[in-house]
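Inspection log for the structure reproduced underneath, given as structure tokens.
All values below were derived from every heavy atom in this structure, side-chain atoms included, with hydrogens, water molecules and symmetry-related copies excluded. For reference, positions follow the sequence shown, starting with 1.
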Amino acid sequence: MPIKNYAFLIKADGYPVRGTQTTLPGDGFTTHIFAASNIAALIVAAQSFAKDGIEVIETCGGFSDTDFDAVKNALDGRVALGRVTFDAANQALLTRFMTSS
């Protein structure tokens, strides 16, 4: 069965503590994006997405292992949860970018 409702969580400084949300409707596929600087708001959003029938949630690379585990535990297996990761070469590029002045 194809996925019809997908959510992406973004955690980064600069987003509102309580978060901001947008929806990108498509033809038979909808993407829900929620961004916040606060993990508690992201957990609430993930739980709300699960309650509303979201089938898959992914987290951005800004989630630490602890943050990811907090969302995973809050979802309690109700929704498939994935995360963005970088292979070694791209992690090195990202690290170089993040540490350059």
Side-chain angles (χ1 to χ4, degrees):
M1 171 177 9
I3 296 169
K4 295 184 181 200
N5 286 296
Y6 164 82
F8 189 69
L9 302 177
I10 301 170
K11 181 177 185 274
D13 293 339
Y15 284 114
V17 171
R18 293 183 183 212
T20 185
Q21 183 172 336
T22 193
T23 301
L24 305 172
D27 186 18
F29 184 84
T30 303
T31 300
H32 306 268
I33 301 169
F34 185 87
S37 59
N38 180 290
I39 189 61
L42 289 151
I43 289 169
V44 169
Q47 291 173 319
S48 178
F49 285 144
K51 181 181 170 192
D52 292 342
I54 296 296
E55 298 148 335
V56 175
I57 298 173
E58 288 184 317
T59 62
C60 77
F63 278 71
S64 67
D65 290 341
T66 301
D67 293 338
F68 181 83
D69 288 344
V71 174
K72 179 179 165 185
N73 292 337
L75 290 173
D76 196 30
R78 291 176 288 158
V79 176
L81 180 66
R83 67 192 308 181
V84 172
T85 60
F86 296 89
D87 62 20
N90 283 291
Q91 183 62 52
L93 289 170
L94 178 62
T95 300
R96 187 171 57 213
F97 171 76
M98 298 292 286
T99 57
S100 66
S101 306

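- Under the 4.5 Å side-chain heavy-atom criterion for ILVMFWY residues, a single connected hydrophobic cluster contains both F63 and F34.
- Scanning all heavy atoms of the two residues, the minimum distance from V56 to I3 falls at CG2-CD1, 3.4 Å.
- If you chain together hydrophobic residues whose side chains sit under 4.5 Å apart, F86 and M98 fall into the same group.
- Note that CG of N5 and CZ of F29 are 8.0 Å apart. Values are rounded to the nearest 0.5 Å.
- In R18, the CZ atom is not crowded: 12 or fewer heavy atoms of neighbouring residues, nucleotides or ligands sit closer than 6.0 Å.
- The shortest heavy-atom contact between G62 and D67 is O-OD2, 4.3 Å.
- Looking at heavy atoms from C-beta onward, V71 lies in side-chain contact with I39 at the 4.5 angstrom threshold.
- Between the CG atom in L42 and the CZ atom in F68 there is a gap of 13.0 Å [rounded to 0.5 Å].
- Ion pair R83/D65 flagged as a salt bridge, since at least one NZ, NE, NH1 or NH2 atom sits closer than 4.0 Å to an Asp/Glu carboxylate oxygen.
- Counting heavy-atom neighbours within 6.0 Å of Y15 OH, excluding the residue itself, gives a total of 12 or less.
- By the 30° and 60° cut-offs, the orientation of the rings of F49 relative to H32 is tilted.
- Closest approach of T20 to P16, counting heavy atoms only: CG2-CD, 4.2 Å.
- K72 NZ to T59 OG1: the interatomic distance, rounded to the nearest 0.5 Å, is 11.5 Å.
- Once rounded to the nearest 0.5 Å, the distance linking CZ of F8 with CG of L24 reads 11.5 Å.
- Taking both residues in full, the closest heavy atoms of E55 and K4 are given as OE1-N, 2.5 Å, listed atom of the first, atom of the second, then distance.
- With values rounded to the nearest 0.5 angstrom, Q47 atom CD is found 6.0 Å from R78 atom CZ.
- Atoms CD and CD1, from E58 and I10 in turn, are 11.5 Å apart once rounded to the nearest 0.5 Å.
- Listed here is the closest heavy atom pair of A36 and G19: CB-CA, 3.6 Å.
- For the side chain to side chain contact (heavy atoms under 4.5 Å, CB included) test with Q91, the passing option among L93, T95, D87 is T95; the others fail.
- Considering all non-hydrogen atoms of both residues, A45 and L9 come closest at CB-CD2, 4.5 Å.
- Note on Y6: it does not cluster hydrophobically with L81, by side-chain heavy-atom contacts below 4.5 Å among ILVMFWY residues.
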